[in-house]
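Working notes, beginning with the structure itself.
The basis for the numbers below is simple: all heavy atoms, side chains too, and nothing from hydrogens, waters or symmetry mates. Note that the structure is a prediction, hence the values are computed from the model and not measured.
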Amino acid sequence: MTDIRELLLSRIRDVADYPEPGVMFKDITPLLADPAAFTALTDALAEIAERAGATKVVGLEARGFILGAPVAVRAGLGFIPVRKAGKLPGATLAQAYDLEYGSAEIEVHAEDLTAEDCVLIVDDVLATGGTAEAAVQLIRRAGAGVAGLAVLMELGFLSGRARLEPALNGAPLEALLTV
């Protein structure tokens with residue numbers, strides 16, 4: 001796993017003062033552009049899905065779509081997008097959550113999840129954990145179980161793990177990298 005960590009870290013670019021002064025943005029686009037690194041990332045996340053006994057993968061908008069869809073294909077699972085409110089056609093199930101300044105809402109097509117499903121949530125970064133916590137609540141409200149959460153990178157200094165672990169109720173939270 002050390003080799004994959006080194007590979008992934010070598011393909012993540014730091015962008016200072018983006019999107020605002022004082023923020024060090026972790027840009028994963030160089031990783032996505034490198035087929036070897038993207039394949040290694042997909043394989044590692046698919047292995048987590050298989051180990052967790054997932055039946056479906058949920059990707060969180062937007063970079064969770066980029067990572068989650070190939071993970072689902074690699075693991076032989078269905079993929080379910082969790083979108084920002086108003087982006088999915090037809091009947092949806094919504095979950096509101098608080099942001100640092102204000103609130104937001106995410107949605108899923110509830111008919112895509114059943115009581116037999118055990119869902120792995122995939123995203124690029126775990127920061128404060130608000131969106132992931134809302135996704136856990138949304139998946140459970142749709143009647144499915146949560147197999148866990150897998151992310152490329154955890155920003156440890158933002159304490160998202162401490163917020164999420166009670167919501168995950170024993171399901172694993174796996175980060176390939178912690179910065």
Side-chain angles (χ1 to χ4, degrees), residues 1-2 4-6 8-9 11-28 31 41-42 44-68 71 80-85 93-108 113 117-179:
M1 190 63 126
T2 300
I4 187 174
R5 286 188 176 114
E6 290 173 11
L8 298 176
L9 278 171
R11 302 305 188 275
I12 297 172
R13 181 173 61 125
D14 287 342
V15 180
D17 299 319
Y18 182 83
E20 58 187 53
V23 173
M24 181 64 71
F25 184 79
K26 300 291 187 181
D27 180 15
I28 68 166
L31 187 157
L41 172 59
T42 300
L45 293 173
E47 181 181 306
I48 292 169
E50 291 166 2
R51 201 170 54 241
T55 61
K56 295 211 173 123
V57 172
V58 156
L60 303 182
E61 190 166 336
R63 289 179 291 193
F65 297 174
I66 296 169
L67 303 184
V71 167
I80 311 294
V82 167
R83 306 263 348 238
K84 294 175 183 171
L93 189 59
Q95 180 70 44
Y97 62 102
D98 291 328
L99 299 168
E100 187 175 354
Y101 300 105
S103 62
E105 193 172 51
I106 54 175
E107 295 179 332
V108 68
L113 295 169
D117 284 318
C118 194
V119 178
L120 179 70
I121 302 164
V122 172
D123 206 2
D124 65 329
V125 173
L126 173 61
T128 63
T131 306
E133 182 182 38
V136 167
Q137 294 167 348
L138 188 59
I139 290 163
R140 288 194 178 127
R141 285 183 47 227
V146 176
L149 172 71
V151 296
L152 164 60
M153 184 176 6
E154 178 180 353
L155 305 180
F157 62 93
L158 292 177
S159 302
R161 181 177 291 269
R163 176 180 184 166
L164 267 177
E165 283 181 335
L168 286 168
N169 196 27
L173 190 170
E174 296 196 43
L176 299 178
L177 305 170
T178 301
V179 294

| request: Taking Arg5 for its side chain and Thr178 for its backbone only, find out whether a donor-acceptor pair lies under 3.5 Å. | output: no
| field | Partner residues of Asp27 under the side-chain contact (heavy atoms from CB on, under 4.5 Å) criterion, sequence neighbours left out | value | Arg13, Val15, Phe25, Thr29, Pro30
| note | So CZ of Arg163 and CG of Leu158: to nearest 0.5 Å the spacing works out to 11.5 Å
| Taking 4.0 angstrom as the limit, do Arg83 and Glu107 come out as a salt bridge? | no
| Is there a donor-acceptor pair under 3.5 Å between the side chain of Arg140 and the backbone N or O of Gly145? | no
| message | If the test is side-chain contact (heavy atoms from CB on, under 4.5 Å), which one of Val71, Leu8, Ile28, Asp124 qualifies with Leu41? | response | Leu8
| task | Sequence neighbours left out, what passes salt bridge (charged side-chain N to carboxylate O under 4.0 Å, His left out) with Glu105? Give chain and number order. | result | none
| request: Report yes if the side chains of Ile80 and Leu113 come closer than 4.5 Å at any heavy-atom pair, otherwise no. | output: yes
| request: Could you tell me whether a side-chain N or O of Glu61 sits under 3.5 Å from a main-chain N or O of Lys84, the two making a donor and an acceptor? | output: yes
| task | Using side-chain contact (heavy atoms from CB on, under 4.5 Å) as the criterion, list what pairs up with Asp14, not counting sequence neighbours. | result | Met24, Lys26
| query | Can you find a side-chain donor-acceptor pair between Asp117 and Thr55 that sits under 3.5 Å? | reply | yes
| Donor-acceptor pair between Tyr97 and Thr131 side chains, under 3.5 angstrom | yes
| said: What's the separation between atom CD1 in Ile106 and atom CD in Gln137, rounded to the nearest 0.5 Å? | reply: 8.5 Å
